[in-house]
Amino acid sequence: MRVIKRDFVDPNTLSYCDKRRLTSGKAYFLLDNNGQIFQAGKQCAKQHSQTDLSSVPDLTTSLLVNFTKDKCNSSSSHSPTGQQKPNKKSQALTYLLLREEKLKELGFENISYNKLQPYYQEYKNNYDLSEEAINHINNILNSPNIPKKFSLSNLSTCYAYYYKMQKALQHLSQENIEYINDLLQYLKIHYHLTDKQIDALAKWFEHIDCKEIREAKLKKFCI
């Protein structure tokens, strides 16, 4: 098997190895020779795959951070002090999936980019890209001309917020979901939430009967 990505999952999802719940709400996705996909934690993924985990697209890198320690950075992506520099292949694949699959499927306005579309078709063939494609995508995402809302960092944060808010909706009564739905719609149009909206959302999260949501530390947007 090989690892094709890391993504958010329901905390009740069972690991491929020991059927334990993936309580972190994140998992590596394993693809077998028959095209079946399984979810696993890091050690399980290492045990059943020869894939370099640092090279796979990671869609879980945002949101669950302490925003008092996570400084805004003008570049499209960055590593916190003391951490290894992000893998270029992982960055390129993550950016491609966010713009041409994940956020596109969620209905974010004007997210798809014509220069990325051929690479997404290439990726769908075997979950991989040529070195030339990886270099070109990195040039795109690191370009000083790219709008901040389309930076890798910001798109990752948008995706994480969307996931958490959708999860929160599962724990709200029908009469209380309108506020979250309004925030979701705002996010899909503007690619950020205001500090005031984030502070209000954090207060909502504190009272939701779901540990994953209650303990989420909400990162502020840098656009």
Side-chain angles (χ1 to χ4, degrees), residues 1-65 75-80 82-106 111 113 115-142 151-160 162-164 212:
M1 289 195 288
R2 62 187 177 117
V3 180
I4 57 173
K5 68 175 179 177
R6 190 181 188 214
D7 203 348
F8 295 115
V9 295
D10 188 287
N12 290 318
T13 300
L14 299 181
S15 171
Y16 172 77
C17 287
D18 50 21
K19 304 307 179 185
R20 291 183 181 179
R21 290 184 175 88
L22 295 165
T23 55
S24 69
K26 303 176 182 180
Y28 289 94
F29 284 60
L30 297 166
L31 177 71
D32 71 10
N33 292 332
N34 296 318
Q36 281 191 286
I37 294 176
F38 305 91
Q39 287 77 41
K42 186 173 185 178
Q43 293 306 315
C44 179
K46 285 183 175 181
Q47 180 181 347
H48 291 276
S49 170
Q50 298 299 313
T51 306
D52 175 7
L53 298 186
S54 69
S55 71
V56 303
D58 188 346
L59 301 160
T60 72
T61 56
S62 192
L63 192 67
L64 292 182
V65 295
S75 62
S76 60
S77 61
H78 64 283
S79 299
Q83 289 191 10
Q84 188 176 1
K85 188 176 181 180
N87 181 285
K88 287 186 176 181
K89 181 175 182 179
S90 174
Q91 283 195 143
L93 291 174
T94 302
Y95 192 70
L96 180 68
L97 289 182
L98 285 170
R99 292 201 68 169
E100 299 303 323
E101 183 175 289
K102 292 296 183 177
L103 297 182
K104 183 178 179 180
E105 290 174 353
L106 294 175
I111 184 63
Y113 184 39
K115 291 185 178 180
L116 294 175
Q117 291 164 7
Y119 296 137
Y120 181 62
Q121 295 304 316
E122 177 185 339
Y123 170 82
K124 287 200 302 183
N125 289 333
N126 63 353
Y127 298 99
D128 206 353
L129 287 177
S130 66
E131 189 69 25
E132 180 182 2
I134 290 168
N135 289 335
H136 188 199
I137 294 172
N138 272 289
N139 289 338
I140 291 171
L141 69 91
N142 288 310
S151 70
L152 175 57
S153 175
N154 193 64
L155 295 182
S156 296
T157 301
C158 287
Y159 179 60
Y162 199 98
Y163 174 80
K164 294 298 180 184
E212 178 190 2

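- Note that the CG atom of Leu59 and the CG atom of Leu93 stand 10.0 Å from one another [nearest 0.5 Å].
- At least one side-chain heavy atom of Leu103 sits under 4.5 Å from a side-chain heavy atom of Tyr159.
- The heavy-atom pair separating Ala45 from Tyr28 by the smallest distance is CB-CB, 3.8 Å.
- Here Leu97 contributes atom CG and Leu116 contributes atom CG; the two are 10.5 Å apart, rounded to the nearest 0.5 Å.
- Summarising the geometry of Leu14 relative to Arg21, their closest heavy-atom pair is CD2-CG, 3.9 Å, with the distance given to 0.1 Å.
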Inset, instruction - Evaluate the criterion side chain to side chain contact (heavy atoms under 4.5 Å, CB included) for residue pair Leu155 and Ile111; output intermediate values, then yes/no. - result: CA-CA 10 Å; Leu155 295 182; Ile111 184 63; 3.9 Å; yes
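- With sequence neighbours left out, the side-chain hydrogen bond (donor to acceptor under 3.5 Å, both in side chains) criterion links Tyr120 to Glu101.
- With Tyr163 contributing its side chain and Val9 its backbone, the two residues share a donor-acceptor pair below 3.5 Å.
- Dense packing is recorded around CD of Gln121, with more than 12 heavy atoms of other residues, nucleotides or ligands lying under 6.0 Å away.
- Separation of atoms CG (Leu30) and SG (Cys44) is listed at 6.0 Å; rounding is to 0.5 Å.
- For Asp10 (side chain) and Asn12 (main-chain N/O), a donor-acceptor pair under 3.5 Å exists by modelled atom type.
- Across all non-hydrogen atoms, the minimal contact from Glu122 to Ser130 is OE2-N, 2.9 Å.
- The heavy-atom pair separating Pro57 from Tyr123 by the smallest distance is CG-OH, 4.5 Å.
- Side chains of Val56 and Phe29 form no contact here, defined as non-hydrogen atoms less than 4.5 Å apart.
- Of all non-hydrogen atoms in Lys102 and Asp7, the two that sit nearest each other are NZ-OD2, 2.9 Å.
- Between Tyr95 and Asn142, the side chains place no donor N or O within less than 3.5 Å of an acceptor N or O (distance only, hydrogens not considered).
- Among all heavy-atom pairs drawn from Ile134 and Lys88, the shortest one is CG2-O, 4.0 Å.
- Remark: Asn33 CG is loosely packed, at most 12 non-hydrogen atoms of other residues, nucleotides or ligands lying under 6.0 Å away.
- Note: Met1 CE to Asn34 CG = 11.0 Å, rounded to the nearest 0.5 Å.
- One finds the CZ atom of Arg99 at 9.5 Å from the CD atom of Gln117 (value rounded to the nearest 0.5 Å).
- Judged purely by atom type and a 3.5 angstrom limit, Arg2 has no side-chain atom pairing as donor or acceptor with the backbone of Leu31.
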Inset, instruction - Take His48 and Phe38 through the test side chain to side chain contact (heavy atoms under 4.5 Å, CB included) and record every step on the way to the result. - result: CA-CA 11 Å; His48 291 276; Phe38 305 91; over 6 Å; no
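- The pair Asp52-Lys89 fails the salt-bridge criterion, with no side-chain N (NZ, NE, NH1 or NH2) lying under 4.0 Å from an Asp/Glu carboxylate O.
- The line from CD1 of Ile137 to CG of Leu96 is 4.5 Å long, rounded to the nearest 0.5 Å.
- The backbone N or O of Asp58 lies less than 3.5 Å from a partner atom in the side chain of Thr94, making a donor-acceptor pair.
- Ring pair His136/Tyr119: centre-to-centre distance below 6.0 Å.
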